[in-house]
Amino acid sequence: MNRKINFSAGPSALPLEVLKHAQSELTNYQNKGFSIMEISHRSKIFEEVHFGAMDKIRALYGIGEEYEILFLQGGAHLQFSMIPMNLYQGGKAEYANTGVWTNKAIKEAQTLGINPSVVASSESENFAMIPEVKFSDNADFAYICSNNTIYGTQYKALPKTKSPLVIDASSDFFARPLDFSNIGLLYGGAQKNAGPSGVTIVIIRKDLIDRTSSPNVPIFLRYKTHAEAKSLYNTPPTFGIYLLNLTMQWLLDQGGLSQIQKKNAKKAALIYDTIDSSGGFYKGHARLDSRSDMNVSFNIAASCELEPKFVAQAEEAGMLGLKGHRHLGGIRASIYNAVSEENVKILVQFMKEFARKNG
Ligand SMILES: *Cc1c(COP(=O)(O)O)cnc(C)c1O
């Protein structure tokens with residue numbers, strides 16, 4: 001089979017086992033004579049998939065009935081406004097600004113007429129690090145992005161606060177265990193670490209579901225609507241949820257989140273070591289203490305003119321998706337759960353040879 005090694009930032013690599021499983025039953029789901037795509041979202045057969053995926057998410061994070069799991073649509077982008085619409089109560093909406101995605105979330109809060117407080121920002125450092133974040137203990141919510149996909153920075157530990165912590169985990173969902181004691185809401189689009197685009201996963205503490213007092217929040221945009229309907233209020237993206245369910249099963253088969261975290265740390269270290277031992281040929285974007293295990297953003301410090309050549313030659317060698325985000329440029333290797341250590345070793349080998357030939 002002629003599969004490329006896929007370092008795309010999102011949508012991104014899915015486990016081959018998951019794709020093969022889906023392929024094997026694409027036209028004839030569990031020998032029932034139809035595809036999972038072709039039946040009602042209210043059928044027993046689909047419900048097993050839908051609630052099965054929710055159960056697996058609970059098992060992976062070790063969370064109980066105090067949280068509700070929602071499958072929504074509209075991507076992370078719709079959450080930028082749904083979060084303040086549902087959680088803001090006229091007090092403080094606090095944000096830590098660590099890049100493009102938190103900036104967009106702050107703008108959406110402003111659009112709603114809320115005056116968000118930016119309690120920490122790494123903008124003056126070109127978002128190359130996670131700033132020290134101190135939230136107050138009485139905010140309506142305290143908002144962070146746990147992994148900054150573009151700059152390759154990641155919180156090593158979640159900030160401590162008594163306010164409900166809201167986390168955009170789009171690019172490190174299911175990549176490590178999390179301490180849920182502060183978490184009010186954890187969300188992300190599925191397309192980076194959990195499945196195809198189209199499903200947004202929202203894990204919300206139950207006491208926050210029905211918080212909004214505003215009658216102006218559209219019914220469809222209330223968490224309560226979707227929680228009461230068990231995420232079957234309207235037709236959900238059934239095929240996406242099916243693939244999400246398979247990916248969650250794959251994660252459980254890998255030994256769960258602590259095992260996948262170990263693998264991810266090992267993969268990331270292989271690339272960072274290559275950067276750090278390149279004698280200045282490569283330069284990582286993120287500060288050492290803020291480096292992400294998911295997205296490694298770097299430059300060719302020797303000459304940035306070599307970067308397009310790097311990307312083109314990598315592509316010829318079967319490696320995709322290495323061009324940096326348009327906001328930052330350079331090179332970015334996204335090494336989500338489905339990217340294997342073998343895949344990363346091939347990249348590292350390529351990096352070393354490229355530096356030797358061009359250094
Ligand atoms: C990709 C990404 C988004 C945007 O996700 P959409 O599903 O396209 O809205 C938001 N936040 C983070 C951290 C991301 O990586």
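Order of listing sets the numbers, starting from 1, for every ligand and every atom in it. For the numbers below, each heavy atom of this structure counts, side chains included, while hydrogens, waters and symmetry mates do not. Just so we're clear, the structure is a prediction, and the values are computed from it rather than from any experiment.
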Exercise for the section: Give the ring-plane orientation class for Phe71 versus His50, where under 30° counts as parallel, over 60° as perpendicular and anything between as tilted. Expected result: perpendicular
Exercise for the section: For the pair His285 and Tyr151, name the ring-plane relationship: parallel under 30°, tilted 30 to 60°, perpendicular over 60°. Expected result: tilted
Under a 4.0 Å threshold between the charged nitrogen and the carboxylate oxygen, would [Y] count as salt-bridged to [X]?
X: Asp276; Y: Arg291; result: yes
X: Glu47; Y: Lys230; result: no
X: Glu341; Y: Lys263; result: no
X: Glu228; Y: Lys224; result: yes

Practice task
Compute the minimum heavy-atom distance from Asn147 to ligand 1 and say whether it is under 4.0 Å.
Solution key: yes
Exercise for the section: Answer yes or no for Lys104: is there a heavy-atom contact with ligand 1 below 4.0 Å? Expected result: no
Practice task
For atom 3 (C) of ligand 1, state which one of Gln73, Met294, His325, Lys192 supplies the nearest heavy atom.
Solution key: Lys192
Completion exercise
Closest to atom 12 (C) of ligand 1 by heavy-atom distance, out of Tyr187, Trp101, Phe80, is Trp101
Which atoms of ligand 1 sit under 4.0 Å from any heavy atom of [X]?
X: His77; answer: 4 (C), 6 (P), 8 (O), 9 (O)
X: Gly75; answer: 7 (O), 9 (O)
X: Cys145; answer: 13 (C)

May I ask you to identify the nearest protein heavy atom to [atom], giving residue, atom name and distance to one decimal place in Å?
atom: atom 8 (O) of ligand 1; result: Gln191 NE2, 3.6 Å
atom: atom 11 (N) of ligand 1; result: Asp168 OD2, 2.6 Å
atom: atom 5 (O) of ligand 1; result: Ala76 CB, 3.5 Å
atom: atom 15 (O) of ligand 1; result: Thr149 OG1, 2.5 Å

Exercise for the section: Using the six-membered ring of Trp250, assess whether NZ or CZ of Lys20 lies under 6.0 Å from its centre and within 45 degrees of the ring axis. Expected result: no
Exercise for the section: Test Asn264 against every option in Asn193, Asp172, Asn337 by the side chain to side chain donor-acceptor pair (under 3.5 Å) rule and name the one that passes. Expected result: Asn337
